[in-house]
Amino acid sequence: MKLWHKHQVVHQVTDAQPSLSEDIGKRERNYFIKMGIRLVCLILAFTVPAPLPVKLLLFAGAIFLPYVAVIGANAPRREASSAPDVAETGQNEIPLHRREIGS
């Protein structure tokens, strides 16, 4: 006798994405760290008597770190790669015209 069981997907809390406020806080911290490093590079480039290649490296950090910081801060949120696809769970998305509460 064969028993056919549907494969049931079990969702875990660890599959959930971080909250939006947590994501924004992480982006802000990363941005401020990069801009702090930029400030240190700029100050060292003007104050430390170093050879020209070192000064050029410090200036390059001061010039290009803002670009890297902004791109990182504006990057789209990463989707959870381990989250099951809607098609896998057998659930369908609620139609747009039926998304209101109480319908």
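Note that the structure is a prediction, hence the values are computed from the model and not measured. We number each residue from 1, following the sequence as shown.
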Quick one: does R29's side chain have a donor or acceptor within less than 3.5 Å of a partner on I24's backbone? no

For S19, check side chain to side chain contact (heavy atoms under 4.5 Å, CB included) against everything at least two apart and list the hits. S21, E22

Euclidean distance, R38 CZ relative to I63 CD1, rounded to 0.5 Å: 8.5 Å

Going from NZ on K34 to CD1 on I71, what distance comes out if it is rounded to the nearest 0.5 angstrom? 10.0 Å

Can you get from I43 to I37 by hopping between Ile, Leu, Val, Met, Phe, Trp and Tyr side chains that sit under 4.5 Å apart? no

Taking ring-ring contact (aromatic ring centres under 6.0 Å, His included) as the cut-off, I'd like each qualifying pair that reaches into residues 17-64, sequence neighbours left out, listed once. F46-F59

Do you know the tightest heavy-atom contact between A62 and C41? N-CB, 4.1 Å

Side chains of residues 49-57: which donor-acceptor pairs under 3.5 Å do they make with residues two or more places apart or in other chains?
unit_1	atom_1	unit_2	atom_2	d
K55	NZ	A45	O	3.0
K55	NZ	V48	O	3.2

Within the 4.5 Å heavy-atom criterion, are M35 and L65 side-chain neighbours or not? no

